[in-house]
Amino acid sequence: MNQDEQRDYFELQETEYPETVPSVLKHKSSKQVVLESEASGLSNTISAMQSISISMPSAETLGNNAEPKAVMFLSRPMSKGSSIGEADNDSQRFKDKNFDSFKTWSGKLERQITSLSGRSRKFDSEEESTQNPENEPLPVDRYFDALEGPELETLRSTEEIMLPDDKTWPFLLRFPISSFGICLGVGSQSVMWKALASTTSTRFLHISLTANLILWWIAVALVAVVSSIYLLKVILYFEAVRREYYHPIRVNFFFAPWISLLFLSLGLPPSVSSNLPEPLWYILMTPILCLELKIYGQWMSGGQRRLSKVANPSNHLAIVGNFVGALLGASMGLKEGPIFFFAVGLAHYLVLFVTLYQRLPTNETLPKELHPVFFLFVAAPSVASMAWAKIRGSFDYGSRIAYFIALFLYFSLAVRVNFFRGFKFSLAWWAYTFPMTGAAIATMQYSSMVTNVLTQTLAVILSLVATLTVTSLLVTTMLHAFVLRDLFPNDVAIAISDRKPKHHRKWFHIRHGGSEWSKDIETFLKFANTSNNDIEAALNISNDEAKRV
């Protein structure tokens, strides 16, 4: 190649990015290529852009027919304001598909459209290889390995999540199943104000059923809104819902939507309807029975989901549904069905009560943010006393025993003022409302059988405390949801990776005394200063024999 040929110019046509990539490359020499702009009037563009050098062998080292064996590109980064840098940022945003693994259709549909358009995306294969396949749920062992805390809500330091933790996730991904606790609190209030207006021991208050009507419609609106939002989550982010369902603690909150509907049926104002159809009870109790067959079976069968492993105050939600269903069925005139659910709930409540009451030394204590969940201890015996009274037709000794247990647990928690101070507001606070309201309603029924100033005063006080608690929590919840916007943080419990944490090396366990291997090393070092024969013997000597040496 002669000098004249080296000064020839060649052009490169525009291919994919006509607006951001210069269209003309002029070959100045065999060792340098400079980008030049074709647009007229932009003389300062060339000086603003960085040159790109291409190192190539000189012409003298190549023969007439020889071709260069390798080309080495040496480049410098473009300036911040360059159009190529902006195009790279747009490309990165286009490739940001962090939430596709939780979407029901969007990820698959977009990949199909991309493949039809003829554009290939290399990151799809990498993404699918690092994320859990959507057709396989996470095993329960991963929840215990990746999460910690009594509610399995905190990510371990050695774990990683599938979603970015440096930005806010979509709202539906942050909306947990525990949000139905709000519906439980307001729905139970409609039942309580209906009882205040109709119970004989509280008629001296002259309370109108209008309060019951207003609260019932508010509860209906809340159930409709929360159910609609969570239904959207089921439709759009089914993987997130499935992870909540397989979560050993979160699964208990799947009883909450059906218990909320039972409360709406119990608190139905007489002006709306006086009688409910019997098939409604069977419709509402069918999903509760299906959930109980799954959860109770896991409690008995053992494994990682055995009761001694997953015991938590939130497990009371899996029990309370039996008693609320028995109460509604007995109120509708049914006999066998309410007795069946009452018996199932009583048997498993006794087991759960003993398991939670005698917390094993290895069990962790609940953090302050979850102390209100302890009030769920009061819910089951309160509703059980009312259910048995409705089944038997009177508040007899069986109902009174259950009521007195609930009353004692109520006051044993209420006197511990420091137990419920000094922690941040969360949805767990709604655990106050439903049990406190149930205790107030049970006190009204007890005061109807044992009518005196003490029982009537107690019924009024408990009703007033429950109402003030629900009102304050409702206002606080709206404040955090719409003003402060910190009610729903990123839900890391559903975003754990399916990959197991990397195993630590043996020297880590030896250093911390966490492995039997350290004992063998200690035995070896004990004989390290002796002869070779002793060292060989030390490799086979047992630890017990070494201690006697």
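Note that the coordinates shown come from a computational prediction; the quantities given were computed from them, not determined experimentally.
Side-chain contact check for Ile494 versus His247: every heavy-atom pair is 4.5 Å or farther apart. With contacts defined as side-chain heavy-atom distances shorter than 4.5 Å, the pair Thr467/Gln189 qualifies. Looking at heavy atoms from C-beta onward, Leu209 lies out of side-chain contact with Pro269 at the 4.5 angstrom threshold. Residues Phe375 and Pro313 have side chains not in contact (no heavy-atom distance under 4.5 Å, counting atoms from C-beta outward). Using a 4.5 Å heavy-atom threshold, the side chains of Leu163 and Asn490 count as separate. Contact annotation: the side chain of Thr433 never approaches that of Val186 to less than 4.5 Å [non-hydrogen atoms, C-beta and beyond]. Asp396 places none of its side-chain heavy atoms less than 4.5 Å from the side chain of Met449. Considering only heavy atoms from C-beta on, Gln456 stays 4.5 Å or farther from Thr202 through its side chain.
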>> For Tyr230 and Val241: C-alpha separation, side-chain torsions, deciding distance, then whether side chain to side chain contact (heavy atoms under 4.5 Å, CB included) applies.
In response: CA-CA 9 Å; Tyr230 202 80; Val241 176; 3.8 Å; yes

> When you look at Leu458 and Leu407, which way does the side chain to side chain contact (heavy atoms under 4.5 Å, CB included) test go after all the steps?
Replying inline: CA-CA 11 Å; Leu458 184 61; Leu407 193 64; 4.3 Å; yes

>> Walk me through whether Thr477 and Trp430 qualify under side-chain hydrogen bond (donor to acceptor under 3.5 Å, both in side chains).
In response: CA-CA 9 Å; Thr477 301; Trp430 280 96; 3.0 Å; yes

> Taking it one step at a time, do Ser331 and Leu266 satisfy side chain to side chain contact (heavy atoms under 4.5 Å, CB included)?
Replying inline: CA-CA 8 Å; Ser331 302; Leu266 286 170; 4.2 Å; yes

> Under the side chain to side chain contact (heavy atoms under 4.5 Å, CB included) criterion, do His348 and Leu307 qualify, and how do the steps go?
Replying inline: CA-CA 11 Å; His348 290 87; Leu307 182 59; over 6 Å; no

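Here the shortest heavy-atom pairing between Glu159 and Arg142 reads OE1-NH2, 3.0 Å. The two residues Ala146 and Ile496 come nearest to each other via the heavy atoms CB-CG2, 3.9 Å. Heavy-atom minimum distance, Val223 versus Ser260: CG2-CB, 4.2 Å. Residues Ala379 and Val320 approach most closely at CB-CG2, 4.0 Å, considering heavy atoms. Here the closest heavy-atom approach between residue Leu376 and residue Ser314 is recorded as CD1-CA, 3.9 Å. Taking both residues in full, the closest heavy atoms of Ile441 and Ser188 are given as CD1-O, 4.2 Å, listed atom of the first, atom of the second, then distance.
Listed for the Asn212 side chain is a donor-acceptor partner under 3.5 Å among the backbone atoms of Gly267. When atom types are taken as modelled, the side chain of Arg485 and the backbone of His480 share no donor-acceptor pair closer than 3.5 angstrom. In this structure a side-chain-to-backbone donor-acceptor pair under 3.5 Å is missing from Thr437 to Ala466. With hydrogens and angles ignored, the 3.5 Å screen pairs a side-chain donor or acceptor of Ser399 with a backbone N or O of Ala389. Panel note: side chain Ser227, backbone Ala224; no donor-acceptor pair is recorded below 3.5 Å. Judged by distance alone, the side chain of Tyr143 and the main-chain N or O of Arg243 form a donor-acceptor pair under 3.5 Å. Thr476 contributes no side-chain N or O that, together with a main-chain N or O of Leu473, makes up a donor-acceptor pair within less than 3.5 Å. Remark: side-chain polar atoms of Asn452 are paired, donor with acceptor, to backbone N or O of Leu454 under 3.5 angstrom. Under a 3.5 Å cut-off, the side chain of Lys194 and the backbone N or O of Leu268 do form a donor-acceptor pair. The backbone N or O of Leu196 lies less than 3.5 Å from no partner atom in the side chain of Thr199, so there is not a single donor-acceptor pair.
Using the six-membered ring where Trp is involved, Tyr446 and Phe404 have ring planes that are perpendicular, over 60° apart on the 30 and 60° scheme. Classified by interplanar angle (parallel below 30°, tilted 30° to 60°, perpendicular above 60°), the ring pair Phe488/Phe175 is tilted.
Between the side chains of Ser201 and Ser447, at least one donor N or O lies within less than 3.5 Å of an accepting N or O. Between the side chains of Ser382 and Tyr410, no donor N or O sits under 3.5 Å from an acceptor N or O.
Residues meeting the salt bridge (charged side-chain N to carboxylate O under 4.0 Å, His left out) test with Asp486, sequence neighbours left out: none. Judged as a salt bridge (charged side-chain N to carboxylate O under 4.0 Å, His left out), and not counting sequence neighbours, the contacts of Glu244 are Lys233, Arg250.
Here the rule is ring pair (Phe, Tyr, Trp, His ring centres under 6.0 Å) with His316, and of Phe323, Phe377, Phe434 only Phe377 fits it.
Tyr397 carries Arg400 over the face of its six-membered ring, with the cationic atom under 6.0 Å from the centre and within 45° of the normal.
Atom-to-atom distance recorded for Ser271:OG and Leu213:CG is 4.5 Å, nearest 0.5 angstrom. Going from atom CZ of Phe342 over to atom CG of Asn322 covers 10.0 Å, rounded to the nearest 0.5 Å. The CD1 atom of Ile177 lies 11.5 Å from the CG atom of Leu427; values are rounded to the nearest 0.5 Å. Taken to the nearest 0.5 Å, the CE atom of Met192 stands 12.0 Å off from the CZ atom of Phe263. Going from atom CH2 of Trp258 over to atom CG of Leu284 covers 7.5 Å, rounded to the nearest 0.5 Å. Interatomic distance, CG of Leu232 versus CZ of Phe171, reported as 10.0 Å (0.5 Å rounding).
Atom CH2 of Trp281 sits in a crowded spot, with more than 12 heavy atoms from other residues, nucleotides or ligands closer than 6.0 Å.
Remark: Arg242 engages Glu239 in a salt bridge, criterion side-chain N to carboxylate O under 4.0 Å.
Within the structure, the ring pair (Phe, Tyr, Trp, His ring centres under 6.0 Å) test picks out no pair touching residues 185-226 (sequence neighbours left out).
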